[in-house]
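Every chain is numbered from 1 and lettered A, B, ... according to where its sequence line falls, protein lines coming before strand lines.
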Amino acid sequence: MSETTEPRTLNFLEQIIEADIAAGKHGGRVGTRFPPEPNGYLHIGHAKSICLNSGLAKEYKGTFFLRFDDTNPAKEETEYVESIIDDVKWLSGDDLKDRIFFASDYFQQMYDWAEELIRKGKAYVCDQTPEQMKENRGTPSEPMTPSAGREFSPEKNLELFRQMRDGKFAEGERTLRAKIDLASPNFNMRDPVMYRIVKAEHHRTGAKWIIYPMYDWAHGLEDAIERITHSICTLEFEHHRPLYDWFLDQIDEFSKPGAYRPRQFEFARLNLSYTVMSKRKLLELVKGKFVSGWSDPRMPTICGLRRRGYTPESIRAFCKEIGVARMNSMIDVVKLENAIREDLNKRALRRMGVLKPVKLVIENYPDEKSEMLDAVNNPENEADGTRQIPFSKVLFIEQDDFMEIAPKKYFRLTPGQEVRLRYAYYVKCTGCVKDDAGNVVEVRCN
RNA sequence: UGCGGGAUUGUGUAAAGGUAGCACGAAUGGCUCUGAACCAUUUAGUCGGGGUUCGAAUCCCUGUCCCGCAACCA
């Protein structure tokens, strides 16, 4: 007997993961995460990342975490944290129990590792202002100009760093920088900032910290702490990858032979035709009261789609359908619409409604009579049963369902044409009644 | 400019040297219970130029075009 196996096509991430499992990396385990900064509401673009990460974890029987990358108190709020948790739970169908984390919970650990780098002479305190840093960054052919701190002893830098932590400096006065390469063609490697001073209330740690880790320093550490195996992000972080690896290389715990190492992989973000996804513009719509709020059904936010009637299954199907690649693309929004149509077609209970009514009079139906007719709730699922709908001489139909003078392929009511009324009788249109202005006020048939 | 990515029907996405497939769209036809859905048929593609090979979307060379980055944002 021959086995017919469904030909399964893997996307590039599945191929990488399967190769890693086959090679025994991480003991064959898969751990993914969705790491939003709580600085806004999630939209359909984020849905792609959520479905990807949670989907891969499910597919390979791994773990999926929701982690808030809350490293910039100036932009983050608890309101966003709460909405993101709701949206991710709803979309992924995962209760996220015990699997919601915060970068801010790792601040002390990150700080300790920063001191480790300073002690090793791999990081230093810089006194350049943001403006000076920009001026001194150099050009592709000229190296950057460092500050004196680059040559200070580890002891002195450690002391300065502790002073930063303890509030001896104002915002912008000092930063901690990694000592990497003054002339790297990848500007991310030209001594990137690891910590900056931000004197703002953090939504979780309050005023405990006044120095905050930058994304590049923090992200790989967060992944490493959580034992993420495949750290999936969007394409624009591609040339941050050398930095991601460099930082982990500097920390004993993650650079020892056989030590745990997460890896970064990039994919193309979602672009949807006719859809605004810029956080700034969406915020403008909300603040300017052009919409009723983040969950306005016209918004491309996850909560907006939810209110519009999208099911999580349909959005997941959409994400699976569009695939994942490293090429920038523009998905036609009809693809999203197709996903919900397909889903709802299978499970939605049908109801009839009339938006712009016009009276339909059945001339040969008795004046006083009325009867109840059986209507199928869902033609695609008999189990959904039937309901009763009333029928009488005078009914209301959609204005668009009648045309006095109709084109060739008009299948609705027009004088002389017979149609079937849904769940009821065949009727033939005999004409219509108009008011003084010429508007059709009544359609007649028998 | 430097660095890093990318290029397969209209839009996406497969094919790891061996028949270019799938989905959505579009078109045509069918259907007197949603102009939906469904059914049938059709449409249309490997960026250009060289090379390797019996055979190239795939490997090599070369050109072109597109995207991203050069924040004390993530």
Whether the [X] and [Y] side chains hold a donor-acceptor pair (N or O, under 3.5 Å, no angle test) is what I'd like checked.
X	Y	value
A/T430	A/R444	no
A/K428	A/N446	no
A/D384	A/N378	yes
A/Y310	A/E337	no
A/N328	A/R269	no
A/D223	A/Y244	yes
A/S49	A/N53	yes

For [N] and [M], measure between their [atom1] atoms and round to the nearest Å.
N	M	atom1	answer
B/C38	B/A74	C1'	47 Å
B/A37	B/A23	P	15 Å
B/C59	B/U46	C1'	16 Å
B/U41	B/C61	C1'	45 Å

Sugar-phosphate, base or nothing in reach of [X], heavy atoms under 4.0 Å:
X	result
A/S329	sugar-phosphate
A/Y410	base
A/V193	sugar-phosphate
A/V324	sugar-phosphate
A/A424	nothing
A/M330	sugar-phosphate
A/N39	nothing
A/H240	base
A/S184	nothing
A/E380	sugar-phosphate

Selection residues 156-175 of chain A - residue pairs positive for salt bridge (Lys or Arg N to Asp or Glu O under 4.0 Å), sequence neighbours left out | A/E115-A/R162
Determine: side-chain N/O of [X] to OP1/OP2 of [N], distance under 4.0 Å, yes or no.
X	N	result
A/K320	B/A14	no
A/R137	B/C69	no
A/R422	B/A36	no

Which word best sums up how the rings of [X] and [Y] line up, parallel for under 30°, tilted for 30 to 60°, or perpendicular for over 60°?
X	Y	value
A/W209	A/Y111	tilted
A/F237	A/H240	perpendicular
A/Y80	A/Y41	perpendicular

Test ring-ring contact (aromatic ring centres under 6.0 Å, His included), reference A/Y195, set A/F161, A/F107, A/Y215, A/Y212, output is A/F161
Give me the residues of residues 334-341 of chain A where at least one heavy atom lies under 4.0 Å from an atom of RNA chain B, by number, or none.
-> A/V334, A/K335, A/N338, A/R341
Positions of residues 210-218 of chain A (non-hydrogen atom under 4.0 Å from RNA chain B), listed by number | A/P213, A/M214, A/Y215
Would you check if the side chain of A/E398 reaches a backbone N or O of A/K356 as a donor-acceptor pair within less than 3.5 Å?
-> yes
Give a yes or no answer on whether the side chain of A/Q15 reaches the backbone of A/L10 with a donor-acceptor pair at less than 3.5 Å.
-> yes
Taking for each residue the nucleotide of RNA chain B bearing the nearest heavy atom, is the 5' side occupied by A/Y426 or by A/Q128?
-> A/Y426
Nearest-nucleotide wise, let me know which of A/K48 and A/V198 is further upstream toward the 5' end of RNA chain B.
-> A/K48
Contact check, side chains of A/T229 and A/D20, non-hydrogen atoms, under 4.5 Å | no
Base-pair string, RNA chain B, Watson-Crick plus G-U, cut-off 3.5 Å on both distances, | for inter-strand, is (((((((..((((....[..))))((((((.......))))))...(((((..]....))))))))))))....
To the side chain of A/R350, which of B/G12, B/C72, B/U34 is closest?
-> B/U34
Could you check which of B/C33, B/U13, B/A71 has an atom nearest any side-chain atom of A/Y423?
-> B/C33
Can you measure from CE (A/M214) to CZ (A/R196) and round to the nearest 0.5 angstrom?
-> 5.0 Å
Return the polar atom pairs (N/O with N/O) between nucleotides 15-19 of chain B and the protein under 3.5 Å, or none.
{"residue": "B/A15", "atom": "OP1", "partner": "A/Q15", "partner atom": "NE2", "Å": "3.1"}

All N/O contacts under 3.5 Å from nucleotides 1-10 of chain B to the protein, with atom names and distances to one decimal?
{"residue": "B/G5", "atom": "O4'", "partner": "A/E238", "partner atom": "OE2", "Å": "3.3"}
{"residue": "B/G5", "atom": "O2'", "partner": "A/E238", "partner atom": "OE2", "Å": "3.4"}

